[in-house]
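This report refers to the structure that appears directly beneath it.
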Amino acid sequence: MTPVLVVDAGPRQWFGAMALACFASVGAALVAQHGFDMRPCPWCILQRVLFVAIGLLALGGVFARSRSVQASIAGSTLLLAIAAVAAALHQHFVAAQSSSCNLTLADRIVSGLHLDTAMPAIFGVTASCADAAVDVLGIPFEFWSLALSALLIAASLRVLWPRR
């Protein structure tokens with residue numbers, strides 16, 4: 001029988017992977033936006049904001065020593081990842097069918113945080129939801145976000161409830 005290598009990562013490794021995945025996804029979105037003219041809508045930007053927040057929290061989790069702090073961070077990343085799932089699903093099934101996403105929840109959150117004016121190259125809304133509905137490798141862009149969000153949920157749960 002061939003031995004199977006099982007790597008049991010600890011919370012710090014899970015948090016590191018989460019932070020890396022989040023920052024890489026935002027980087028990929030920025031390349032798509034600025035390199036391939038895939039203009040983002042408010043729901044796209046809201047998902048970026050959520051991934052940056054998850055990434056920053058996860059980065060804090062890398063350095064957290066206390067199990068209770070790690071659990072608090074994992075709980076927060078879990079809630080934000082669930083919000084990212086909701087945003088991706090809403091973008092695909094509701095917002096993409098609309099000609100305007102002005103004054104939607106996503107638009108109000110993004111403009112309320114003032115990130116669109118503070119860092120317009122990263123968080124500026126430049127398209128309507130219908131215009132932002134594009135595919136990458138035959139898959140809607142927001143489903144890539146949905147997949148990452150699901151992985152972040154799984155990683156958060158893994159930190160919250162490690163195997164014994």
Side-chain angles (χ1 to χ4, degrees), residues 3-33 40-96 101 104-125 129 132 136 139-164:
V4 177
L5 176 63
V6 176
V7 178
D8 190 20
R12 296 176 74 200
Q13 289 80 15
W14 283 107
F15 283 130
M18 291 169 68
L20 181 63
C22 286
F23 297 138
S25 73
V26 172
L30 291 171
V31 167
Q33 176 183 347
C41 72
W43 290 97
C44 301
I45 297 299
L46 178 59
Q47 289 167 75
R48 280 187 200 177
V49 170
L50 290 168
F51 289 141
V52 168
I54 293 168
L56 291 172
L57 280 169
L59 199 55
V62 169
F63 299 104
R65 299 275 184 221
S66 163
R67 180 68 187 126
S68 62
V69 171
Q70 290 173 340
S72 295
I73 292 171
S76 298
T77 59
L78 175 64
L79 292 175
L80 290 171
I82 291 169
V85 165
L89 290 172
H90 182 83
Q91 179 182 356
H92 183 76
F93 292 109
V94 179
C101 38
T104 62
L105 176 63
D107 190 47
R108 285 181 279 170
I109 291 171
V110 170
S111 61
L113 292 172
H114 302 290
L115 292 172
D116 54 338
T117 54
M119 294 181 270
I122 300 171
F123 299 112
V125 174
C129 293
V136 175
I139 298 170
F141 204 73
E142 59 273 16
F143 281 2
W144 291 102
S145 174
L146 180 66
L148 175 58
S149 301
L151 290 173
L152 292 168
I153 288 171
S156 298
L157 290 172
R158 182 67 174 86
V159 171
L160 283 171
W161 291 292
R163 281 192 266 168
R164 303 208 186 270

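Computed from a predicted model, the values in this text were never measured in an experiment.
Judged purely by atom type and a 3.5 angstrom limit, Arg48 uses its side chain to pair as donor or acceptor with the backbone of Ile122.
Going from atom CH2 of Trp14 over to atom CG of Leu157 covers 10.5 Å, rounded to the nearest 0.5 Å. Atoms CG and CZ, on Leu46 and Phe123 in that order, are 10.5 Å from each other to the nearest 0.5 Å. To the nearest 0.5 Å, atoms CG (Leu56) and CZ (Phe51) are separated by 13.5 Å. Rounding to the nearest 0.5 Å gives a distance of 10.5 Å between CG of Leu160 and CD of Gln70. With rounding to the nearest 0.5 angstrom, the CZ atom of Arg158 is 11.0 Å from the CD atom of Gln13. Atoms CG and CG, on Leu57 and Leu79 in that order, are 10.5 Å from each other to the nearest 0.5 Å.
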**Request:** Begin from the C-alpha positions of Ile109 and Val49 and carry the test side-chain contact (heavy atoms from CB on, under 4.5 Å) through to its verdict.
**Result:** CA-CA 10 Å; Ile109 291 171; Val49 170; 5.7 Å; no
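Between Ala95 and Trp43, the closest heavy-atom pair is CB-CD1, 3.5 Å. Taking every heavy atom of both residues into account, Ala19 and Gly55 meet most closely at CB-O, 3.6 Å. Taking every heavy atom of both residues into account, Gly60 and Ile73 meet most closely at C-CD1, 3.9 Å. The heavy-atom pair separating Cys22 from Ile54 by the smallest distance is SG-CG2, 3.6 Å. Among all heavy-atom pairs drawn from Thr77 and Ser156, the shortest one is OG1-OG, 2.7 Å. Contact record, Ile139 with Phe143: CG2-CB, 3.7 Å, taken as the closest heavy-atom pair.
For Ala83, the side chain to side chain contact (heavy atoms under 4.5 Å, CB included) partners at least two apart in sequence or on another chain are Leu50. With sequence neighbours left out, the side chain to side chain donor-acceptor pair (under 3.5 Å) criterion links His92 to Glu142.
Taking the side chain as every heavy atom from C-beta outward, Arg67 and Val159 approach each other to under 4.5 Å.
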Throw together a table of side-chain donor-acceptor distances under 3.5 angstrom for residues 144-153, partners on residues two or more places apart or in other chains.
| from | atom 1 | to | atom 2 | distance (Å) |
| --- | --- | --- | --- | --- |
| Trp144 | NE1 | Val136 | O | 3.1 |
| Ser145 | OG | Gln47 | OE1 | 2.5 |
| Ser149 | OG | Ser145 | O | 2.8 |

